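A quick note: this is a predicted structure, and the numbers were derived from the prediction, not measured. Both ligands and their constituent atoms are indexed starting at 1 by order of listing. FYI, the numbering just counts along the sequence from 1.
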Amino acid sequence: MITADLSADQPVAVQPVLEIRHLLHAWPDAQSGQAETLLDIRHFQLQAGERCFLHGPSGSGKSTLLNIIAGLCQPSTGEIWLAGKSLWQLSARQRDHLRASKTGVISQTFNLLPYLTVSENLQLMQNFAGQHNDRHWQGYLLQQLNLSKQANQTVARLSVGQQQRAAIARALVHRPALIIADEPTSALDNDNKNAFMRLLLQECSASGASLLLVSHDLSLQPHFDRVLDIASCKPGQRATPESDKEPLPC
Ligand SMILES: Nc1ncnc2c1ncn2[C@@H]1O[C@H](COP(=O)(O)OP(=O)(O)OP(=O)(O)O)[C@@H](O)[C@H]1O
């Protein structure tokens, strides 16, 4: 079980992009049907432009937490505030709209539409976010991600690494306030990993987007303001601070 109070020490002058209050989440065990608590986070905030790196062992609940933050999975109890709105007080339609307009999600399974081209996937994302179709910007992103040649190919014909880069472009194309990335570099070679990190950080700086990124690749840590080890926050333990900026009282 993960128990954490990851609140910032400083009083907050501006509204955070993301705030978690008293989150508890349990999945029912497949055999016994009993629910065992997986996540227990008393408080967590992410400010505009802040970059947070989240790591921890396989099965510790990182993807579950990201799905909860993205409004794709309802927590057992607790509140998730995204851009000043409480996710689970919204209708499903309002929640979908908030997710589409405020977050860019790069998931482990990419969630691209395989029968559409890369460009069409980007256009669709801008449409969902209520934006006009900015072909110049889309082309720039694809070029930065070394995907220009694949712009008019259907996603189903791309390699896994190319699909991952297409998913990255889609997460950035509508300039979201919060980028949520689950193992975004796992299928990339070193060159593409570096290009991806460069573009992601550059776009976060340019747009002021916050970034919450989950990875097992600890070499990415220096790019982040805060580093959280989800597994170090256990009941009765105090997490070892990993970031110079932020202690993590559990
Ligand atoms: N929809 C679900 N229903 C039931 N149990 C689930 C569901 N999704 C995840 N789990 C369980 O929750 C636990 C945490 O899974 P999760 O994918 O969040 O871990 P993780 O830290 O992201 O792992 P990894 O690093 O391997 O991706 C696992 O034991 C998993 O089996």
What pair of heavy atoms forms the shortest contact from Ala166 to Leu112, and how long is it? CB-CD1, 3.9 Å
Which heavy atom of Gly49 sits nearest a heavy atom of Asp225, and at what distance? O-OD2, 4.0 Å
Taking only heavy atoms of the protein into account, state which residues are under 4.0 angstrom from an atom of ligand 1, in chain and number order.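 Ligand 1 is contacted, at a heavy-atom distance under 4.0 Å, by Trp27, Leu38, Pro57, Ser58, Gly59, Ser60, Gly61, Lys62, Ser63, Thr64, Gln108, His216.
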Under the rule for salt bridge (Lys or Arg N to Asp or Glu O under 4.0 Å), what residues qualify as partners of Arg99, not counting sequence neighbours?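 So Arg99 forms a salt bridge (Lys or Arg N to Asp or Glu O under 4.0 Å) with Asp96.
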Kindly write out the residues that satisfy ring pair (Phe, Tyr, Trp, His ring centres under 6.0 Å) with Trp88, not counting sequence neighbours, or none if the list is empty. none
Which residues pass the ring pair (Phe, Tyr, Trp, His ring centres under 6.0 Å) test with Phe128, sequence neighbours left out?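 Not a single residue meets the ring pair (Phe, Tyr, Trp, His ring centres under 6.0 Å) criterion with Phe128.
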Non-hydrogen side-chain atoms of Asn146 and Arg165 separated by less than 4.5 Å: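 A side-chain contact exists here, since the closest heavy-atom pair is under 4.5 Å.
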